[in-house]
There are 2 protein chains.
Amino acid sequence: MVWRDSSGKALDDYARPSVAVDVAVLTVTGDQLAVLVIDSERGLSLPGTFLHPRETLRDAAARALSSKAAITGLDFHQLGMFDDPDRDDRGWVLSMAHGAAIAREKLPHTSRLVSITDTGAHERLAFDHDSMAAEAVRDLRQRYRGAADPDHLLPEEFTLLELRRLHEAIFAHEFPKDTFRRRFIGDLVGTGERSSAETGRPAELFRVR
Amino acid sequence: MVWRDSSGKALDDYARPSVAVDVAVLTVTGDQLAVLVIDSERGLSLPGTFLHPRETLRDAAARALSSKAAITGLDFHQLGMFDDPDRDDRGWVLSMAHGAAIAREKLPHTSRLVSITDTGAHERLAFDHDSMAAEAVRDLRQRYRGAADPDHLLPEEFTLLELRRLHEAIFAHEFPKDTFRRRFIGDLVGTGERSSAETGRPAELFRVR
DNA sequence: CTAATAGTGTCTCTGAGACACTATTTG
DNA sequence: CAAATAGTGTCTCAGAGACACTATTAG
């Protein structure tokens, strides 16, 4: 049986776009947000791949990250479909941008990072990958507005100073330490002390509740 | 020239999905949110269409709405790509769900509406259109959380009672009238009076600033 | 006048921010 | 002790909610 749409045109008669996925993997280096990029023939770009037959976008994103950046186990968020017909000079290619976040310590040491803000990356990226990365930053901020560390960018146990520095890197904005503590202390559960204080009183270690 | 990806496979060798768009047009009827549906061979469904060659998703969504529901001039938001390989038994079809909102008065009188909440429509919809509609509700709420009437669901001039009833329909939740007024009065600009009060003191008319 | 709805005054509570204070460590 | 950082007490301000009050219309 051949399915036809309401105009009587058979489904297979439509020219079909290629569908791709690209992933903006964000991390925090020191006091800066950064996005993982790879070297490609078109310059720096986000890891991506074409969708395989009957594969889900999520699976394709995982495959791209695994094959091009040796990263597994991430949680992806759809950011939006980038669909400018001329965005790729190889032809008509739609690409679903995905966002993800990971602690820098879990990245392969060979990973290439580019620092970034919500206006875009600090180096030119190929295609429309700069807009994708900027969208990933907005998405990350949205999630960190409401929770302490939803993407586990910090290790299991951390101090409030470390949590605050993380938020300051994500939002590119300083937070007062007393207000910040009172804002998040209810979402955390304390443990023992931290002796690694080089100077001053050691800070308590917390976990997310 | 034939472009090849990193594995040496030519771009055209990939099997390509059909790409569709579906649009959840939301409106408010009385004190209820509702979504516009059309009758199709598969039962009630959202208006949608297959992407034409080199067409943008936004243009396809506008075309679907214009041809299947006689509605033009709406502003669409991408909600997400629905990509279950088995979501459509006609084959491998990805569909980008879009959200939009319009005042009921601007809808054609023949429009068929189904009331809805954030858990889904109150009648069974075809395919995964129920999830799409639920997503559109969440998206609408997100936008109405921060502004009085971003989608112009009310006429140019309205009373605070009408605005409050609108928000109560959107959020399926009652708001105290004094707090609600103080929350939004700063985003509005007043005009004259309204004499249409059947009883009681007439309310002032406002516009969004 | 009464009924009905519009709009305000005011109290409480909560959370953010500012600022200074106390607490705990190293040297 | 001084230096440095962790953590708290407390004041102010703004916004949400509760509640009762005043204001303006029709009849």
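Values below: every heavy atom of this structure, side chains too, minus hydrogens, waters and symmetry copies. Below, chain A is the first sequence line, B the second, and so on; all start at residue 1.
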- Note on the structure: In whole angstroms, the gap separating C1' of D:dA6 from CG of A:D178 amounts to 12 Å
- Message: Strictly below 4.0 Å, N to O, side chains only: are B:R183 and B:D187 in salt-bridge contact?
- Response: yes
- Query: Can you check the B:L205 CG to D:dT24 P distance for me, whole Å?
  - Reply: 17 Å
- Item | B:D187 CG to D:dG15 C1', straight-line distance once rounded to whole Å | 14 Å
- Using whole Å, report how far CZ of B:R194 lies from P of D:dA23. 24 Å
- Query: Less than 4.0 Å between a side-chain N and a carboxylate O, is that true for B:D59 and B:R63?
  - Reply: no
- Query: Rounded to whole angstrom units, what separation is found between the CZ atom of B:R145 and the P atom of D:dA16?
  - Reply: 13 Å
- Can you check whether A:R183 has a side-chain N or O nearer than 4.0 Å to OP1 or OP2 of C:dA16? yes
- Query: A:D139 versus A:L26: any side-chain heavy-atom pair under 4.5 Å?
  - Reply: no
- Message: Taking any heavy-atom pair under 4.0 Å as a contact, classify B:R182: base, sugar-phosphate, or nothing.
- Response: base
- Query: Taking only side-chain nitrogens and oxygens of A:R201, does any of them come within less than 4.0 Å of OP1 or OP2 of C:dA23?
  - Reply: no
- Message: Quick check: on DNA chain D, is the nucleotide nearest B:T179 upstream (toward 5') of the one nearest A:A203, or the reverse? Name the residue that is more 5'.
- Response: A:A203
- Nearest-nucleotide 5' precedence on DNA chain C, A:F175 against A:E198: A:F175
- Item | Interatomic distance where CD belongs to B:E204 and C1' belongs to C:dA6 [whole Å] | 10 Å
- Query: To the nearest angstrom, how far is A:R181 atom CZ from D:dA6 atom P?
  - Reply: 9 Å
- Run the side chain to side chain contact (heavy atoms under 4.5 Å, CB included) check on A:L161 and A:K177 step by step: do they pass? CA-CA 8 Å; A:L161 177 61; A:K177 72 165 187 172; over 6 Å; no
- Note on the structure: Comparing nearest nucleotides in DNA chain D, the 5'-proximal residue of the pair B:P176, A:T199 is A:T199
- Query: What is the distance, rounded to the nearest whole Å, between atom NZ of B:K177 and atom C1' of D:dA18?
  - Reply: 13 Å
- Query: Between A:E135 and A:R138, is the closest basic N to carboxylate O distance under 4.0 Å?
  - Reply: yes
